[in-house]
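See structure below.
Nothing here was measured: the structure is a model prediction, and the numbers come from that model. All values below were derived from every heavy atom in this structure, side-chain atoms included, with hydrogens, water molecules and symmetry-related copies excluded. The first residue in the sequence is number 1, and the count goes up from there.
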Amino acid sequence: MEKAGVPEQVPVLVAGGGPVGLATAVELAHHGVRSLVVEPRETVSWLRPRAKTTSARTMELLRRWGLAETLRARAPLAVSWSDQAVFVNSLLGREIARIGGCFGLDLVGSDLAAEPGQQAPQPLVEEILREAAGDALLTGWQVAGLTEDGDGVTVRIVSGEGEEREVRAAYVVGCDGPRSVTRAAIGARYEGRQDARPNFNIVFRAPGLAERVPHGPAVHYWVLNPAQPGLTGRLDLKDTWWCIAQGVRAEDADPVRLVRNLAGDDDLEVEILATDPWTARMLLADRYATARVFLAGDAAHQNPPYGGHGFNTGIGDAVNIGWKLAAVLNGWAPAALLGTYEAERRPIAADTIEAAAANMATLAPELADPALMGDETEFEKVRPAVAEAVLRTKHSEFHSLDLVLGYVYTGSPIVADGAGERLPHRWLAPGVSLYDRLGRGFTLLGDPDAPGVKTLEAEARDLGVPLEVVPLPGEPLTLVRPDQHVAWRGDTPPEGVLGRALAMS
């Protein structure tokens, strides 16, 4: 029985319909598992774009769901538009330095990744994931509390009009952000710190500004003006921009003046669309899960935005817990598999927080020099030293593929020694990725005549585990998990290797 579109029970209830919650639902649907995403917002607002970088790894996962081309087709900035970060004394002023190949945007056709990164505002990502989630999304309601028992979770949800319902779920994934009801319900708490420096985000419209910028296309323009440091960039190829004024408190902010200061034009025509004061946080939940409730995204971790890792880390959470829940609910893995979610994802979040905090250690205020605002002689006298400092301190922020593509589930109980990394990518033919050949369950790659193939096929049959065999003649065997990470590789599989990859032993 259902009332007003609210089911009485569901295999998985997802608290929160931001990009991580929606990605969880899409991952579950990818494996044939129903879910209900409870989200208070009826529509997605474009006024506060939040994240703007979709990493190469997240794009690979979107490709896996058949959504990568949709995002690229609808993104206001094509991946070919720019991969540059330009450091200037004002948007309309002099260039100090530039960094290319930012955020994996230059990986088009590279063997390193099935997809390059993509600049796209978070609202667009959410809209595409909402479409993919379909009727799994319930808007106008929010999770108000939950009670877990040995057989499931009873979730109390409340509508915008104050109506209350209870939904029974086998499992709950809390993607309900920094003020997570789910985190509180399982007794988890954030550990970490907050940066003392204030920031002030502005979304604005400035007709004709783009045509006046002398530095060419860039995904970021960093303004190293000591009087008003910050960064800015385009949201589209029309007249909409974003900026972050660093060191500005909300009570002191004059948004029009801030934009004009960053641009270097006291008379710039500006229309303020939205503002958003914030401070950076480096927070990690002390626990990620109980037996039936799991935290993902901002409910589990928060990091500074520098490097573009925030929601991308959450998408990785969604895929990890999603395939594991599906394996358990579809009957080919024991509940013990779910206990590996925290062991695999919490260390990745910890590393990401520290990398983003290191990026934040040097921002526009630290790089600015008063002489940059002087005449040509003064500017050129200090420019080489400032440029050297930019390249030395900011290179890793814009080139972090070791973190984005290279993270490894080291020490996980369900991967063999020396494994756990993302499957190394390559192209099999123009436009055909090795990843396109992987199955939705486990995949065995390698020489089809190796005796270990029959061994693993027999184990998969005995366990009822979906296993796709992809022949790569002459190559050693590689057992790949549903999330494209390597569970084992070698010539002769040890006894029970597939069972170990599913926490059966």
Side-chain angles (χ1 to χ4, degrees), residues 7 9-41 58 61 65 126 129-130 132-134 136-139 141-149 151-157 166-188 284-285 287-302 311-330 333 335 337-346 348-349 482-483:
Q9 57 184 28
V10 68
V12 181
L13 186 142
V14 180
V20 177
L22 293 167
T24 303
V26 173
E27 177 66 16
L28 289 165
H30 183 70
H31 298 287
V33 173
R34 289 190 310 114
S35 65
L36 179 70
V37 181
V38 181
E39 167 55 48
R41 296 171 300 150
T58 297
L61 297 171
W65 298 324
E126 285 194 41
L129 289 173
R130 279 189 173 211
L137 177 62
L138 175 67
T139 61
W141 295 76
Q142 63 182 354
V143 171
L146 56 92
T147 304
E148 179 180 358
D149 56 55
D151 299 318
V153 187
T154 300
V155 184
R156 182 167 59 90
I157 66 173
E166 285 189 349
V167 181
R168 184 73 174 164
Y171 298 98
V172 169
V173 183
C175 306
D176 45 350
R179 300 177 182 85
S180 173
V181 171
T182 313
R183 186 178 62 248
I186 68 171
L284 183 62
R287 60 192 299 225
Y288 267 35
T290 60
R292 292 185 175 271
V293 181
F294 308 87
L295 304 178
D298 284 354
H301 47 78
Q302 290 189 69
F311 99 91
N312 293 294
T313 307
I315 300 298
D317 296 342
V319 171
N320 190 289
I321 190 58
W323 82 260
K324 291 173 179 177
L325 282 169
V328 172
L329 289 164
N330 286 330
L337 177 64
L338 304 176
T340 68
Y341 168 64
E342 178 174 329
E344 291 191 340
R345 291 304 301 173
R346 193 172 183 274
I348 303 303
D483 59 357

Original post:
Are Val181 and Gln142 close enough, and set up right, to give a side-chain contact (heavy atoms from CB on, under 4.5 Å), and what steps lead you there?
Top reply: CA-CA 10 Å; Val181 171; Gln142 63 182 354; over 6 Å; no
**OP:** Please work out which of the three classes, parallel, tilted or perpendicular, describes the rings of Tyr341 and Phe294, given edges at 30° and 60°.
**Re:** perpendicular
**OP:** Heavy atoms only: give me the nearest Ile315-Val20 pair and the separation to one decimal.
**Re:** N-CG2, 4.1 Å
**OP:** Measure across Val167 and Pro7 and return the closest heavy-atom pair with its distance rounded to 0.1 Å.
**Re:** CG2-O, 3.4 Å
**OP:** Can you sort out the partners of Arg168 under side chain to side chain contact (heavy atoms under 4.5 Å, CB included), two or more places apart, ordered by chain and number?
**Re:** Gln9, Asp149, Asp151, Thr154
Original post:
Among pairs that include at least one residue of residues 171-187, which meet salt bridge (charged side-chain N to carboxylate O under 4.0 Å, His left out), considering only residues two or more places apart or in two chains?
Top reply: none
Subject >> Spatial distance of atom CZ (Arg287) from atom CD1 (Ile186) [nearest 0.5 Å] >> reply: 5.0 Å
**OP:** Measure across Ala335 and Tyr171 and return the closest heavy-atom pair with its distance rounded to 0.1 Å.
**Re:** CB-OH, 4.5 Å
**OP:** Verify side-chain contact (heavy atoms from CB on, under 4.5 Å) between Thr24 and Ser35, making sure each step is shown before the conclusion.
**Re:** CA-CA 9 Å; Thr24 303; Ser35 65; over 6 Å; no
**OP:** Search all heavy atoms of Leu338 against all heavy atoms of Ala291 and return the closest pair with its distance.
**Re:** CD1-O, 4.4 Å
**OP:** Give the minimum heavy-atom separation between Ala170 and Val153, together with the two atoms involved.
**Re:** O-CG2, 4.3 Å
Original post:
Which pair of non-hydrogen atoms, one from Ala326 and one from Leu28, has the smallest distance, and what is that distance?
Top reply: N-CD2, 4.2 Å
**OP:** May I have all residue pairs that pass salt bridge (charged side-chain N to carboxylate O under 4.0 Å, His left out) and include part of residues 19-29, sequence neighbours excluded?
**Re:** Glu27-Arg64
Original post:
Val143 versus Val172: any side-chain heavy-atom pair under 4.5 Å?
Top reply: no
Subject >> Residues forming a salt bridge (charged side-chain N to carboxylate O under 4.0 Å, His left out) with Asp317, sequence neighbours excluded >> reply: Arg345
Original post:
Excluding sequence neighbours, so at least two apart, what forms salt bridge (charged side-chain N to carboxylate O under 4.0 Å, His left out) with Arg41?
Top reply: Glu39, Glu126
Original post:
Who are the side chain to side chain donor-acceptor pair (under 3.5 Å) partners of Glu344, not counting sequence neighbours?
Top reply: Asn320, Lys324, Ser412, Arg481
